[in-house]
Amino acid sequence: MTQGLGLEGIVLARHGETDDNVEPLRFQGFTDTPLNATGRAQARALATRIAQEGTIRAIWASDLSRARETAETVGAAIGLAVSLDARLREGDRGRWEGHTFAEIEAAEPERYASWRRPDPDFRFPEGESLAEQQARVTAALRDIHGAAPAPTLVVCHGGSIRVMLCAADPDGLAAFHRFTIPNTAVVTL
């Protein structure tokens, strides 16, 4: 699915659930939302799955606690330390962070509709665009690919994984909302 990116051997996993990942959904972005009890259980299940496969040789994660804790749970199960890179963070959702999707849709319907299309020129108010997020995450993954032994597990965020899937999609970032990345889903690059 992501051929041509030159990132073979990178395995992406989304962090476990947070309270903002359940209805009513909230924009999290750079907000450091912790895992909830379900998210911790999901992280343990991911750790078991990764340990049974027995192939991961390095672990990297976003520095946000929801990703870091998920990665540390996996690392503890397979005896690997976790390296952090802030460039793996979720997209900077600016002033929308902490607000529910419904609140934003009601307060800024045109801007919210532009996000849901998504409009390639869309920028989160006081935040970043999907293109900026994609460039940031791609740079981090290229650096990790060059430095870490493969296969490398990278625990990050749904939006960060989606922008990477868009990099290989013929529709580019316009495909962003077509991808669904559940908590602790695993995607191999």
Side-chain angles (χ1 to χ4, degrees), residues 1-3 5 7-78 80 82-85 87-91 93 101 116 118 130 133-134 136-138 140-141 144-145 148 150-169 171-189:
M1 183 178 283
T2 55
Q3 295 176 359
L5 296 178
L7 297 171
E8 293 75 18
I10 298 285
V11 178
L12 301 177
R14 185 178 178 200
H15 60 79
E17 183 182 279
T18 72
D19 288 344
D20 288 348
N21 294 139
V22 295
E23 294 294 337
L25 295 176
R26 290 184 184 277
F27 286 94
Q28 289 181 95
F30 279 19
T31 302
D32 199 8
T33 311
L35 295 178
N36 61 22
T38 298
R40 288 186 182 92
Q42 290 171 333
R44 289 189 299 273
L46 175 64
T48 298
R49 206 166 70 211
I50 297 294
Q52 288 172 345
E53 292 173 9
T55 59
I56 296 299
R57 297 181 56 209
I59 304 175
W60 285 76
S62 157
D63 65 335
L64 295 174
S65 64
R66 57 193 184 266
R68 185 183 68 242
E69 184 178 349
T70 301
E72 289 170 347
T73 301
V74 174
I78 62 174
L80 292 174
V82 176
S83 299
L84 302 177
D85 191 324
R87 296 175 296 170
L88 297 168
R89 286 181 173 196
E90 181 59 276
R93 304 310 192 216
F101 284 36
R116 292 301 303 170
L130 291 178
Q133 181 183 7
Q134 186 180 61
R136 169 172 53 79
V137 174
T138 299
L141 292 177
I144 291 166
H145 182 263
T152 301
L153 178 67
V154 176
V155 181
C156 55
H157 306 272
S160 296
I161 295 170
R162 288 159 70 179
V163 295
M164 293 311 300
L165 293 173
C166 288
D169 191 284
D171 292 331
L173 290 170
F176 185 83
H177 291 294
R178 287 200 310 251
F179 298 109
T180 301
I181 311 295
N183 292 103
T184 64
V186 175
V187 175
T188 301
L189 298 180

As an exercise, state the distance from CG of Asp85 to CG of Leu141, rounded to the nearest 0.5 Å. 8.5 Å
Looking only at atom types and distance, does a side-chain atom of Arg44 sit under 3.5 Å from a main-chain N or O of Thr73, one as donor and one as acceptor? no
Within this structure, what is the OG1-CZ distance for the pair Thr18 and Arg40, rounded to the nearest 0.5 Å? 10.5 Å
Distance col, row Asn36:CG vs Asn21:CG, nearest 0.5 angstrom, shows 7.5 Å
Look only at the side chain of Gln42 and the backbone of Glu17, and say whether a donor-acceptor pair between them is shorter than 3.5 Å. yes
If you look at every heavy atom in Val11 and Pro151, which pair is closest and at what distance? CG2-CB, 4.5 Å
I would like to know whether Asn183 and Thr70 meet side-chain contact (heavy atoms from CB on, under 4.5 Å); could you show each step before the answer? CA-CA 10 Å; Asn183 292 103; Thr70 301; over 6 Å; no
Return the set of residues passing side chain to side chain donor-acceptor pair (under 3.5 Å) with Gln134 (not counting sequence neighbours), or none when no residue passes. none
Qualifying residue for side chain to side chain contact (heavy atoms under 4.5 Å, CB included) with Val154, from Val137, Leu7, Leu12, Val187: Leu12
How many angstroms lie between atom CG of Leu88 and atom CD1 of Ile161, to the nearest 0.5 angstrom? 10.0 Å
For Ile181, does its backbone N or O pair with a side-chain atom of Arg14 as donor and acceptor, under 3.5 Å? yes
Smallest heavy-atom separation, Leu35 atom then Gly16 atom, equals CD2-O, 3.2 Å
Which heavy atom in Ala67 sits nearest to a heavy atom in Ala61, and how many Å separate them? O-CB, 4.0 Å
Would a distance-only check, ignoring hydrogens and angles, find a side-chain to backbone donor-acceptor pair under 3.5 Å from His145 to Glu8? yes
Show me the pairs that pass side chain to side chain donor-acceptor pair (under 3.5 Å) and involve residues 50-64, at least two apart or across chains. Ser62-His157, Asp63-Arg89
Between Arg49 and Val186, is the side-chain contact (heavy atoms from CB on, under 4.5 Å) condition met? List the steps. CA-CA 10 Å; Arg49 206 166 70 211; Val186 175; 3.0 Å; yes
Check: Arg162 side chain, Phe176 main-chain N or O, donor-acceptor pair, under 3.5 Å: yes
Would you say Thr31's side chain and Thr33's backbone share a donor-acceptor pair under 3.5 angstrom? no
Checking side-chain contact (heavy atoms from CB on, under 4.5 Å) for the pair Ile50/Ile59: CA distance, chi angles, key distance, verdict? CA-CA 11 Å; Ile50 297 294; Ile59 304 175; over 6 Å; no
State the CD1-CG distance between Ile144 and Leu153, to the nearest 0.5 angstrom. 10.0 Å
Give a yes or no answer on whether the side chain of Arg93 reaches the backbone of Gln28 with a donor-acceptor pair at less than 3.5 Å. no
Rounded at 0.5 Å granularity, tell me how far OG in Ser65 sits from NE2 in His15. 9.5 Å
For Ala47 and Ala77, which heavy atoms make the closest approach, and how far apart are they? CB-CB, 3.7 Å
With no hydrogens and no angle check, is any side-chain donor or acceptor of Thr152 less than 3.5 Å from a backbone partner on Ala58? no
